[in-house]
Each structure stands twice: as structure tokens, then as C-alpha cells.
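All values reported here derive from a predicted model rather than from experimental measurement.
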Amino acid sequence: NDTSSRSHAICQILLRSKTGNNRKLRGKLSLVDLAGSERGSDTKSHNSQRRNESAEINTSLLALKECIRALGASKQQRHVPYRASKLTLLLKDCFTSSRAKTTMIATVSPGAS
């Protein structure tokens, strides 16, 4: 959403090697800036569009949580629900590739009580 600062941002860098006409993918770095979640009580005074944005942000964060949780499951029981949001669909390779290395770095600030 280019008119709101309340959205996720993704920057993907693809590393390819060039051998003749063949360009083989060697690596992919995904940098993701996540929008913060909001409690329902904090959005009561917002208009309907802003409440919908908050709901979509919370939905995509929940889908991301479920995908990360699935990474810890055994290979036989693993089901990664990456189709649950556009965010996790874009990050599909991070969850489904056996060669992927996924790391999360979080900056968390305490919310107002």
C-alpha cells in the first residue's frame, strides 16, 4: 500500500551465476520489514479502511507465525500453510526449500498499557 506506512515491505535480492546462456540461481536474500500488529481495542476510533488494514496485517502476521511454527515440526508431519497470505506466499522458498536458511531478527518495543 503506497499511501500508508502501515504495511509490510519486502526486498528480495537474487544471486545468479552466468554460464553461457544459462543463469543459475545461487542464492536469494529476503529482507522483510513487518508492520506491527494492533489490538482491537486500539482501532475502535479508526475508520473502516484503517480497521481493514489492521485486520489484514494481523492476518498476515498470524500466517507467518504458523509457517515459522511448521518449520519446527518433523518432516513427516510438516505442513507449511504458506498460501494463507500474500506475505507468506512471497516467502514460500524460505519455508519449503530444504536448502533454505531462515533467520528472524526482531526489534520489539513494549506497547502502551
Side-chain angles (χ1 to χ4, degrees):
N1 182 353
D2 39 337
T3 61
S4 174
S5 63
R6 303 178 62 251
S7 58
H8 306 307
I10 300 175
C11 175
Q12 293 184 324
I13 301 168
L14 303 177
L15 303 172
R16 297 184 186 272
S17 64
K18 187 174 180 183
T19 310
N21 291 338
N22 189 11
R23 293 184 55 177
K24 186 172 182 181
L25 181 64
R26 294 292 182 179
K28 179 178 178 180
L29 175 65
S30 297
L31 302 171
V32 182
D33 180 14
L34 298 172
S37 64
E38 292 195 20
R39 295 178 293 206
S41 61
D42 293 340
T43 62
K44 287 181 181 176
S45 63
H46 296 164
N47 63 26
S48 64
Q49 180 183 1
R50 185 123 184 225
R51 281 194 304 272
N52 287 339
E53 283 179 2
S54 296
E56 289 177 17
I57 288 169
N58 288 346
T59 300
S60 65
L61 291 174
L62 176 64
L64 180 61
K65 179 191 84 163
E66 293 302 321
C67 289
I68 292 170
R69 181 178 285 165
L71 292 177
S74 67
K75 297 228 185 250
Q76 294 83 11
Q77 296 177 337
R78 183 181 293 179
H79 167 71
V80 182
Y82 61 85
R83 290 186 183 99
S85 78
K86 291 177 187 176
L87 172 68
T88 53
L89 192 57
L90 286 170
L91 298 173
K92 171 185 167 184
D93 297 343
C94 300
F95 306 120
T96 59
S97 173
S98 61
R99 295 173 38 190
K101 307 259 189 283
T102 303
T103 303
M104 177 181 275
I105 301 171
T107 302
V108 181
S109 63
S113 301

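One distance of note links CD of E66 with OG1 of T88; it measures 10.5 Å at 0.5 Å rounding. To the nearest 0.5 Å, the span separating CG on L15 from CG on L25 amounts to 8.0 Å. Interatomic distance, NZ of K65 versus CG of N58, reported as 11.5 Å (0.5 Å rounding). To the nearest 0.5 angstrom, L14 atom CG is 8.0 Å from S30 atom OG.
Other residues, nucleotides and ligands contribute only 12 or fewer heavy atoms inside 6.0 Å of the CZ atom of R23.
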*Apply side-chain contact (heavy atoms from CB on, under 4.5 Å) to the pair V32 and M104, showing each step before the final yes or no.*
CA-CA 9 Å; V32 182; M104 177 181 275; over 6 Å; no
*asked:* L34 vs I57, test: side-chain contact (heavy atoms from CB on, under 4.5 Å). Steps then yes/no.
replied: CA-CA 9 Å; L34 298 172; I57 288 169; over 6 Å; no
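Under the 4.5 Å side-chain heavy-atom criterion for grouping Ile, Leu, Val, Met, Phe, Trp and Tyr, I10 is connected to I68 within one hydrophobic cluster. L90 and L62 fall into different hydrophobic clusters, where Ile, Leu, Val, Met, Phe, Trp and Tyr side chains are chained together by heavy-atom contacts under 4.5 Å.
No donor-acceptor distance shorter than 3.5 angstrom exists from the side chain of S60 to the backbone of S85, with no hydrogens or angles considered.
Heavy atoms only, all atoms of each residue included: L91 and L64 are closest at CD1-CD1, 4.5 Å. Heavy-atom minimum distance, Y82 versus T96: CE2-CG2, 3.7 Å.
A70 meets the side-chain contact (heavy atoms from CB on, under 4.5 Å) test with V80, P81; sequence neighbours excluded. K28 pairs by the side chain to side chain donor-acceptor pair (under 3.5 Å) definition with D93, not counting sequence neighbours. Here T59 pairs with nothing under the side-chain contact (heavy atoms from CB on, under 4.5 Å) rule; sequence neighbours left out.
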